[in-house]
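Inspection log for the structure reproduced underneath, given as structure tokens.
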Amino acid sequence: MAFLMKSMLSNQVKNLGLGGGGEESKEESTPSDPAAAAGMTREEYEEYQKQMVEEKMERDAAFAQKKAERAVLRVHLREKYRLPKSELDENQIQMAGDDVGLPEDLQKMVAEDQEEEEDRDSILGQLQNIQNMDMDAIKEKAQATFTEMKQAAEQKCSVM
């Protein structure tokens, strides 16, 4: 209610011309020049705008580089697991430039994975896998196979 009364009275007073200069002063105090609005000279404002544009370009370039690094990682994983290629990843790599590589942390991880796979594929890796196998099950399987072969030989050979 108080708001309504205040707005009605202030509008009436402005119409009488007693305090109606408030709107004009607001229009005059708002400068049309953005440099003046920011409290700078024209040259300072232009330099500030140049800095802002340069910083934005640097951020965009860094972002594109990170996107390309992630795309390289995805391409590497797709090759490793024989998954279909993605054109989106290839486009991101091309947009950032062909000099994009994996970040150092990821390179270390990839190298460790490759070493583990090489160890598993080597003779020593296979020997370690043999140690983990159940020897009793292997013996039973071998004896069953030997028994089957012996029975097959007895059926075919009349001397035995």
Side-chain angles (χ1 to χ4, degrees), residues 1-4 6-7 26-27 29-160:
M1 185 72 175
F3 173 73
L4 182 62
K6 184 177 178 182
S7 66
K26 287 181 184 177
E27 291 176 7
S29 67
T30 307
S32 61
D33 189 22
M40 300 181 221
T41 64
R42 187 74 174 154
E43 294 81 24
E44 290 174 342
Y45 185 74
E46 288 176 2
E47 183 65 28
Y48 173 74
Q49 289 296 324
K50 287 179 186 177
Q51 289 175 349
M52 295 298 290
V53 169
E54 289 173 3
E55 289 175 5
K56 184 180 184 322
M57 290 174 61
E58 289 174 9
R59 285 193 310 269
D60 290 345
F63 181 69
Q65 181 72 19
K66 290 288 184 183
K67 283 176 69 174
E69 288 174 356
R70 291 183 197 117
V72 167
L73 178 64
R74 287 191 298 269
V75 166
H76 173 75
L77 290 174
R78 282 192 175 100
E79 289 174 359
K80 179 179 178 181
Y81 295 109
R82 297 181 185 102
L83 298 173
K85 294 182 179 181
S86 171
E87 290 182 26
L88 179 64
D89 289 341
E90 293 173 6
N91 291 341
Q92 287 178 347
I93 293 169
Q94 288 176 355
M95 286 174 51
D98 291 333
D99 59 337
V100 179
L102 289 175
E104 291 179 23
D105 297 338
L106 295 176
Q107 287 178 351
K108 290 177 185 176
M109 291 172 56
V110 168
E112 290 172 2
D113 287 346
Q114 287 177 347
E115 288 175 9
E116 289 176 9
E117 288 179 11
E118 289 172 2
D119 289 344
R120 279 189 235 134
D121 293 341
S122 69
I123 295 173
L124 294 176
Q126 296 299 326
L127 289 175
Q128 289 176 350
N129 287 339
I130 290 174
Q131 291 175 353
N132 296 335
M133 290 183 183
D134 186 16
M135 294 305 287
D136 293 331
I138 294 173
K139 286 179 184 177
E140 289 175 12
K141 198 172 199 180
Q143 287 177 351
T145 306
F146 180 72
T147 307
E148 288 176 16
M149 290 173 56
K150 186 176 177 184
Q151 288 175 352
E154 287 177 357
Q155 289 176 356
K156 291 183 181 177
C157 184
S158 60
V159 175
M160 294 183 110

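Only heavy atoms go into these numbers, but all of them, side chains included; no hydrogens, no water, no symmetry mates. Just so you know, these numbers come straight off a predicted model, no measurement behind them. We count residues from 1, following the sequence as given.
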Show your working on side-chain contact (heavy atoms from CB on, under 4.5 Å) between K150 and T147 and close with a plain yes or no. CA-CA 5 Å; K150 186 176 177 184; T147 307; 5.6 Å; no
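- The two residues A71 and I93 come nearest to each other via the heavy atoms CB-CG1, 3.8 Å.
- Closest approach of P84 to R78, counting heavy atoms only: O-CD, 2.9 Å.
- A 6.0 Å sphere centred on NZ of K66 holds no more than 12 heavy atoms belonging to other residues, nucleotides or ligands.
- One distance of note links OG1 of T145 with CE of M149; it measures 8.0 Å at 0.5 Å rounding.
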With side-chain contact (heavy atoms from CB on, under 4.5 Å) as the criterion, how do V75 and E79 come out once you've worked through the C-alpha distance, each side chain's angles and the decisive distance to 0.1 Å? CA-CA 6 Å; V75 166; E79 289 174 359; 3.7 Å; yes
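- Counting only heavy atoms from C-beta outward, the side chains of V72 and H76 never approach each other to under 4.5 Å.
- The list of salt bridge (charged side-chain N to carboxylate O under 4.0 Å, His left out) pairs with a residue in residues 34-44, not counting sequence neighbours, reads D33-R42, R42-E46.
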Begin from the C-alpha positions of M57 and E54 and carry the test side-chain contact (heavy atoms from CB on, under 4.5 Å) through to its verdict. CA-CA 5 Å; M57 290 174 61; E54 289 173 3; 5.6 Å; no
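- Note that NZ of K67 is 10.5 Å distant from CG of D89, once rounded to the nearest 0.5 Å.
- Applying the salt bridge (Lys or Arg N to Asp or Glu O under 4.0 Å) test to D60 and every residue at least two apart in sequence or in another chain returns K56.
- Qualifying salt bridge (Lys or Arg N to Asp or Glu O under 4.0 Å) partners for K50, counting only residues two or more places apart in sequence or in other chains: none.
- Applying side chain to side chain donor-acceptor pair (under 3.5 Å) to Q92 and the options E69, E87, R70, R74 leaves one that passes, R74.
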